[in-house]
Amino acid sequence: MKETRIIMGMPITVEIVDSSAKEKDLDDVFSYFQNVESKFSKYKETSEVSKINNGEISESEYSEDMKIVLELSEETKNLTNGYFNIVTPDGKIDPSGLVKGWAIYEASNLLKEKGFNDFYIEAGGDIQTHGTNNEGEKWRVGIRNPFELEEIVKVVYLDEEGIATSGTYLRGQHVYDPFREKPITEIVSLTVVGPNVYEADRFATAAFAMRENGIQFIEKLDGFEGYSIDQNGIATMTSGFEKYTNK
Amino acid sequence: MKKSILSATVILTFVIYVVATLTKSTVIAPVGDKTPPVQSTPSQSAAYKDGTYTGDSIDVYYGNVQVQVDVQNGKFSDVTVLDHPKDRDTSVSIYEYAAPKLKSEAIAAQSAQIDAVSGATATSGGFIKSLASALAKAKN
């Protein structure tokens, strides 16, 4: 069964192939995302993130999830030479760049704990797959053409993997380069495939901020492959990327 | 850059099946920094009228993005992108990659069957803005 709802300001899709799946299982996944939104949304005055940014709660009062996310953010900042940074220019924290991938990953663990094997969860273009699709084959994930949104330009075949794409080809970009004010225009889309969506997402975000050097950063990361598309429609892929393009 | 490489095969990959239970649909809040948050107020009964609603066409870097929402029985049945960036600045120079050992290729549309799509579109400011304006029109 498959369903899409809009939570955290984006379409979230869950598909479970296992025949034992019930509506309640989908509900549980969506409830989890709503719970994450209520903690981490910077647009909700009552969220924990807002309370932290307004100085309303102290560190000792942080929830376990908040502590984990802040820890992972710090770790990611160090792993990416500072390119991944949840501290905004005005000194507030905005962990949304980490929370999406982390939440998808946690939600997929929820389905694993329920005993499901064949499913995927997609939120805002980032995906965790597990097992096989409803034809018993690897999950087929298309990479969207950043210039023609109805098109896909590449298909990767995944079993238990995560895939995330970062991009600023539309105005209103959500990735910025912490070291230069100049907008990112060299590349328009950077996709990372890795062992899980949480890691794929954080490295895609950081690599995108590195502009044309981002794909080299992914090349050096063990266990991760990448596919970047520049403003002229030329794609560059890491040396192991093509193992995912075979069925 | 030749447009021909973005060949004509049109795959309607952006038909998202939004079977959202309206009481559960929540804040349409952008992930981007530059778009103001728009709220779709949760309510008990059907918050949306049946019909097709077209959001504003939002000017984005490479063109426009416009989202269409279909509502059936008070629930979302479809979210579709109508308008999208088409033109690119052809005057920019081809970028030289620092490490030429990585394989490069010109992107081209694929027609393979797929289960899901990875892309940054759904969290972009233009998409969210247009979606929010379509939802506002659909409201009871």
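Naming: A, B, ... by sequence-line order, numbering from 1 per chain. What's counted below: heavy atoms across the whole structure, side chains too, no hydrogens, waters or symmetry copies.
Residue contact with chain B, scored on non-hydrogen atoms closer than 4.5 Å, is absent for K247(A). For chain B, no part of A204(A) is nearby; none of its heavy atoms comes within less than 4.5 Å. Within the 4.5 angstrom heavy-atom criterion, no atom of E15(A) approaches chain B.
Of all the listed residues (Y157(A), F241(A), F30(A), Y120(A)), the one sharing the greatest number of non-hydrogen pairs under 4.5 Å with chain B is Y120(A). In terms of heavy-atom pairs under 4.5 Å with chain B, the best-connected choice from V141(A), I143(A), L190(A) is V141(A). Contact count versus chain B (heavy atoms, under 4.5 Å) is highest, among N133(A), N134(A), V155(A), for N133(A).
Closest non-hydrogen pair, L102(B) versus M237(A), comes out as CB-O, 3.5 Å. The shortest non-hydrogen separation linking G142(A) to I114(B) is N-CG2, 3.9 Å. The nearest pair of heavy atoms linking T236(A) to S104(B) is OG1-OG, 3.0 Å. When all heavy atoms of G167(A) and A120(B) are compared, the closest pair comes out as N-CB, 3.5 Å.
In Y105(A), the OH atom is not crowded: 12 or fewer heavy atoms of neighbouring residues, nucleotides or ligands sit closer than 6.0 Å.
With 3.5 Å as the limit, one finds no donor-acceptor pair spanning the side chains of S118(B) and T191(A).
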- Message: Show, in sequence, the C-alpha distance, side-chain angles and deciding distance for I107(B) and F147(A), and conclude whether the side-chain contact (heavy atoms from CB on, under 4.5 Å) test is met.
- Response: CA-CA 10 Å; I107(B) 58 169; F147(A) 307 108; 3.9 Å; yes
- Query: Hey, mind stepping through E105(B) and K154(A) against side-chain contact (heavy atoms from CB on, under 4.5 Å) and telling me if it holds?
  - Reply: CA-CA 11 Å; E105(B) 65 187 17; K154(A) 208 77 194 169; 2.8 Å; yes
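Considering only heavy atoms from C-beta on, E151(A) stays 4.5 Å or farther from Q110(B) through its side chain.
At least one donor-acceptor pair closer than 3.5 Å links the side chain of D115(B) to the backbone N or O of R140(A).
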